[in-house]
Protein chains: 2
Amino acid sequence: MDIRTRLISTAEQLFDRYGFTATGMDRLTQAAGISSRTLYKHVGSKNGLMAAVLNERDRRFHRLVGADNIDALFDALEIWFAREGARGCLFLRAWGETGGSVPEIAEAMARHKQRLRQRIDEIVVAEIGRRDDELAEAILLLFEGATHAATYRGGAAVDGARRAAHRLVETARAPRRR
Amino acid sequence: MDIRTRLISTAEQLFDRYGFTATGMDRLTQAAGISSRTLYKHVGSKNGLMAAVLNERDRRFHRLVGADNIDALFDALEIWFAREGARGCLFLRAWGETGGSVPEIAEAMARHKQRLRQRIDEIVVAEIGRRDDELAEAILLLFEGATHAATYRGGAAVDGARRAAHRLVETARAPRRR
DNA sequence: CCCAATGTAAAACGATCACTTTACCCATGC
DNA sequence: GCATGGGTAAAGTGATCGTTTTACATTGGG
């Protein structure tokens, strides 16, 4: 495996499991099986590594969440949690641990969340045949909620989010008479 | 002001703004205006301080979220964010930064989330006159989603969650004929 | 009146932090 | 046939980490 890929992948795992600040560079180089000199040649700094991890995760996330309907969206989330565990959104965690003051990290998070919202917009159009900002916002909130509630409620959180999303889609499809 | 109260209150602010691990004890003692010896007499350790901060926050949170209807619930969240800013759930952040391996912190988070779920159960009963686990779960997810989405979407996230919750309450009040 | 409690200031603890440097190894390619 | 690029190991950088210690001030109650 490519050395940079291995570095970023092991860093992602350690950051996710133990936190960013709490994970030292020694532990990181040892787990990745590379020297610290090589690490700094590749990513420049710890912040650079964090940003690289986030950008790689964003790519991987959107490769998985590629479908165009509600079920596929929450199925993807369920698969993700089954594979890697649920410890909250890594982008928000990185942003929080750095106090929002590291530009590369803040930007990575902003990009990720913006893309997520776009994907949900597309799903809404595929589901009800037109744009609906209120519905998209609600699904985003359910997705975000499931991401974080899954840390303490497990997979049931994803089920609940999927069901609620379906109900909201139904009311959006056939708006109540008044 | 009582010294312990001042300590925990300033610690809460610093932890929230800059992260737990990134906030050193020196910075903490200086901001609180106390010596490190006094700090350790009061809370024993940094983990002890973190747990104390979380437990105090839980008390404060439930004092604010004391109402028994949907609007009051999300109004409380909006007021909270206006007062203190939105940087994600501090309980989840503490749990994540410590890798979930500090018992006092994991327990503080578990208690907090359990109480939140109970409060929402009560709100559901007050709104529709009976228990409804699916509805309560959905509202919890919207609340959790708003808490985290507000970090990057601002107060609009709370509005969206409130509207979605109202729609779900409506469908639960008058279940669709089939 | 003084003892105990509670606070301060400041230094020291060893460990660990992110990061750099020094010195060396070993392929590949002109 | 040797320079060069990319890697290693390991020591060292000064700073900062959480925590403890030493020595001293203040104050309220028996």
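Each chain gets a letter, A, B and so on, in the order its sequence line appears, and its residues count up from 1.
Going from atom NZ of B:K41 over to atom P of C:dA9 covers 16 Å, rounded to whole Å. For the pair B:L7 CG and C:dG7 C1', the computed distance is 14 Å after rounding to whole Å. Atom CD in B:E97 sits roughly 14 Å away from atom P in D:dC17 (whole-Å rounding). Distance, A:I3 CD1 to D:dG7 P: 5 Å, rounded to whole Å. For the pair A:Y40 OH and C:dC17 P, the computed distance is 11 Å after rounding to whole Å. Protein atom CG of A:L39 is 9 Å distant from nucleotide atom P of C:dC19, rounded to whole Å.
Sorted by first and then second residue, the side chain to side chain donor-acceptor pair (under 3.5 Å) pairs with a member in residues 22-41 of chain B read B:S35-B:T38; sequence neighbours excluded. Counting only residues at least two apart or in different chains, salt bridge (Lys or Arg N to Asp or Glu O under 4.0 Å) contacts with residues 145-161 of chain B comprise A:E137-B:R153, B:D159-B:R162. Listed by first and then second residue, the salt bridge (Lys or Arg N to Asp or Glu O under 4.0 Å) pairs that reach into residues 94-109 of chain A come to none, sequence neighbours excluded.
Judged by distance alone, the side chain of A:D58 and the main-chain N or O of A:L54 form no donor-acceptor pair under 3.5 Å. With hydrogens and angles ignored, the 3.5 Å screen pairs a side-chain donor or acceptor of B:R4 with a backbone N or O of B:H42.
Electrostatic pairing of A:R167 and A:E170 does not count as a salt bridge here, judged by no charged N lying under 4.0 Å from a carboxylate O. Classification of A:R173 and A:D132 as a salt-bridged pair fails, no side-chain N sitting under 4.0 Å from a carboxylate O.
Once rounded to the nearest 0.5 Å, the distance linking OG1 of A:T5 with CD of A:E56 reads 7.0 Å.
Within 6.0 Å of the CZ atom in B:R117, the count of heavy atoms belonging to other residues, nucleotides or ligands exceeds 12.
Within residues 44-55 of chain B, the residues having any heavy atom closer than 4.0 Å to DNA chain D are, in order of number, B:S45, B:K46. Within residues 22-29 of chain A, no residue is approached by DNA chain D to less than 4.0 Å at the level of any non-hydrogen atom.
Residues A:A86 and B:W95 approach most closely at O-CH2, 4.3 Å, considering heavy atoms. Among all heavy-atom pairs drawn from B:E127 and B:I70, the shortest one is OE2-N, 2.9 Å.
At the phosphate of D:dG6, neither OP1 nor OP2 sits under 4.0 Å from any side-chain N or O atom of A:H42.
Here D:dG7 is the nucleotide among D:dT20, D:dG7, C:dC19 with the atom lying nearest to any side-chain atom of A:T38.
Side-chain N/O atoms of B:R37 and base N/O atoms of C:dT6 include no donor-acceptor pair closer than 3.5 Å.
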Contacts under 3.5 Å, N or O only, protein and nucleotides 14-16 of chain D:
none

